[in-house]
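So you know, we letter chains A, B, ... as the sequences are listed, proteins then strands, and number each from 1. Excluded from the calculations below are hydrogen atoms, water molecules and symmetry mates; all remaining heavy atoms, backbone and side chain alike, are included.
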Protein chains: 2
Amino acid sequence: MPRRRITQTDVAAMAGVSQATVSFVLNGNTPAGVRIGEETRQRVLDAIRITGYTANPLAQRLAGGLTQILGVFTYEATFPRAGRDFYGPFLVGIEHAAERLGVDLLLFTSAPATGGRRQLTRDGWQRLGVADGCLLLGQHEDRGELQHLLDTNYPFVFIGKRGSDGGRLPYVGADYVGATTRQVHRLTALGHRHIGYIGVRGTDQPTLDRVEGYRTALKAQGLTPSFVEADDVAAAAAEILARSLTAVVVAPENHPEELADELERRGARVPVDVSVLLLGQPHHPRRGGRRWSGFSVPREEMGVRALYLLSRLVADDGGRRDREARRAHAVPGTELHQLLNCPDVEGATAVPPPSGTDRPARVP
Amino acid sequence: MPRRRITQTDVAAMAGVSQATVSFVLNGNTPAGVRIGEETRQRVLDAIRITGYTANPLAQRLAGGLTQILGVFTYEATFPRAGRDFYGPFLVGIEHAAERLGVDLLLFTSAPATGGRRQLTRDGWQRLGVADGCLLLGQHEDRGELQHLLDTNYPFVFIGKRGSDGGRLPYVGADYVGATTRQVHRLTALGHRHIGYIGVRGTDQPTLDRVEGYRTALKAQGLTPSFVEADDVAAAAAEILARSLTAVVVAPENHPEELADELERRGARVPVDVSVLLLGQPHHPRRGGRRWSGFSVPREEMGVRALYLLSRLVADDGGRRDREARRAHAVPGTELHQLLNCPDVEGATAVPPPSGTDRPARVP
DNA sequence: GCTCGCTAATAATGCGTATTACCGGATTGA
DNA sequence: TCAATCCGGTAATACGCATTATTAGCGAGC
């Protein structure tokens, strides 16, 4: 009952040629010494049309070709059962790009999860091989794994800026430094002089970048940084008031909602007494919650760009010929390291400081 | 530079045996006539451990095995750029199940989209072959495509009940009939006697089921159905008031939010004057919008069950031996047709009818 | 007559695995 | 002693495709 699928051999039989001829016609390739007459070519093409033949991606790959499948590996669950949907927006972009590229997406959901984090173990390496290349999303990174990726020359692209040894790791990231800098400038333009940074200074790249942006912007304005590294919101709020800060910037993972609540509980209105700029989108938008001012991370666009970049890396790698002519002229949008702009979000949590504390820098 | 991956031949060389022996040891299979000594077996296993060998899924599949990849085909974009995220909840469940099954997911994003709908054309058939089986999500269905699926004996499972010719199509659906029936009973229990059904009666399965549930429940109560098939909310609202309905049931795609607004604009308060039960989750939950009463579709659970079912179909199909002993005792949770319960949502849009119109059926 | 050079293909091989067919030596049965 | 049986494996092949090496035919030039 399960009738075999049409193969090149079937097509060949129908056209009265050899399987190899069919392969040549399909690929348009006539590698040095092989010629196919126009008449035969047409016969083959007709046979293909009639039988509705399509290549078997697996066999192609096994024979050294490409599957037209691109992989997506997430270090955490791609679609979390609980908690915020972090990867969703990326996938929207990734899928869109995949559609345009005519490529299927392979989600590596089988990777063994150790302690909630997926590992790219040896078991996983073989599975990667099904795809022509792979997108890596998530903060976690394992030196050994990355080295192996580089060693085997397997095409991959990180989503999210890679700082350490970033030179060799292709990525598409968000410009947290620039965006954070701009947020501080928004505040100083409103007249703020005492601007704090809320949150523990972790070692993940986004945090490092936010801190750098904050530092840079304050220095440019001749102001002194004020880091509030409290463990809980209550302590943070107390510290903000103790230091008489009129504005703070805070990353989404540092509980801005709760912080604002805590501030108001202590009599400081947001934003009238304290402006709050959010360095990214809120994690758990509340129903009827605040409309945060700050910036947004272009996740969808990152997904698109990352897949395009990956696609190009695959193409470069797949076409083993003429390696030199490659980066003769860099194709725009396919640089190995891309930092996308994070557009400002107007919102409603940034206003001039209360009079009597700071003064607007310039009165219109 | 791109060092070859470890193959069975490499392992064989290290263990001093033939490639075939390695294959036998790996599969535990000793197909009638082949015997492997315990000592050799251990040597092979050691070699596997040392080299970190893992099977290449492509080669396995090509040789008639399984890839441990399951496909997901959506007739519309899986992750829509705009509009509601319909498939998301399903994917949460699907991914979770995939993780447990140790299986990767292949998203068929490359299928050519004609007029916004993906087609499963001949071009797609070959690509399907990469996966051991496939999940189909979306309302659209093409007779020819389905017939082909059945003919080729390719394992697949629909998400969403399949009515027409449903007998042969495996699916995991939601019990819209039962859930809708229950909603009407909720209303009658509150004392409503004039209950309308809002929305054009489409031919898609969920709508058919909702209408059936509505009909059944009303008949059981000795009440007469009242279908409001207006094109726009204004007309619908007018009709509701003209017919003096005290409660309506409405599917999420029929703009319940706008309908409620329109009713209140005309002086009828929701739910005081008109109770509204939502037959499913709202499509575009508003910030600070109503907390709808009604039921919810267990999409996540549907995803889980569907993938489990698919996995079983694949296993049945893959183990070509002893076909008969198969459904000797049906494994629970793997019936070919599954209808999942849609739990009630309490909400705040269902109250007893205003006194003077209807009376509570029973006063406590 | 024989080689050279060109056209138009085909035969053969490899990719990594599963599987079938076969084989060589040792032990047993008569 | 010779065949039958059993043990422990190997060789060969197929899967569907890409690619390299090779072949057959034919007209021209020496």
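Look at CG on Asn27(B): it is 6 Å from P on dT19(C), rounded to the nearest Å. When the P atom of dC17(D) is taken as reference, atom CZ of Arg61(B) falls 14 Å away, rounded to whole Å. Separating the CG atom of Leu66(A) from the C1' atom of dT19(D) is a distance of 15 Å, rounded to the nearest angstrom. Going from atom CD of Gln68(A) over to atom C1' of dC17(D) covers 15 Å, rounded to whole Å. Nucleotide dT20(C) holds its P atom 16 Å from the CZ atom of Arg35(B), rounded to whole Å.
Shown here are the side-chain contact (heavy atoms from CB on, under 4.5 Å) partners of Ile159(B), two or more places apart in sequence or in another chain: Phe90(B), Ile94(B), Leu135(B), Leu137(B), Met302(B), Ala306(B).
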Can you check side chain to side chain donor-acceptor pair (under 3.5 Å) on Tyr87(A) and Glu76(A), steps first, answer last?
CA-CA 9 Å; Tyr87(A) 294 120; Glu76(A) 296 89 28; 2.5 Å; yes
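Aromatic pair Tyr154(B)/Phe156(B): centroids not less than 6.0 angstrom apart.
Inter-axis angle, ends of the helix from dG1(C)-dC30(D) to dA30(C)-dT1(D), five pairs per end, rounded to 10 degrees: 90°.
For the pair Leu107(B) and Glu95(A), the minimum side-chain heavy-atom distance is 4.5 Å or more. A heavy-atom distance below 4.5 Å is found between the side chains of Leu313(B) and Pro170(B). A 4.5 Å side-chain heavy-atom check between Leu26(A) and Gln8(A) finds at least one atom pair inside the cut-off.
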Detail all sub-3.5 Å separations between protein N/O atoms and N/O atoms belonging to nucleotides 10-16 of chain C.
{"from": "dT10(C)", "atom 1": "OP1", "to": "Ser18(A)", "atom 2": "N", "distance (Å)": "3.4"}
{"from": "dT10(C)", "atom 1": "OP2", "to": "Ser18(A)", "atom 2": "N", "distance (Å)": "3.2"}
{"from": "dT10(C)", "atom 1": "OP2", "to": "Ser18(A)", "atom 2": "OG", "distance (Å)": "2.9"}
{"from": "dT10(C)", "atom 1": "OP2", "to": "Thr21(A)", "atom 2": "OG1", "distance (Å)": "2.3"}
{"from": "dC15(C)", "atom 1": "O2", "to": "Leu62(A)", "atom 2": "O", "distance (Å)": "3.2"}

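Side-chain N/O atoms of Ser23(A) include none lying less than 4.0 angstrom from OP1 or OP2 on dT19(D).
Expressed to the nearest 0.5 Å, how far CD of Glu99(B) lies from CG of Leu307(B) amounts to 11.5 Å. Note: Arg127(A) CZ to Leu120(A) CG = 12.0 Å, rounded to the nearest 0.5 Å.
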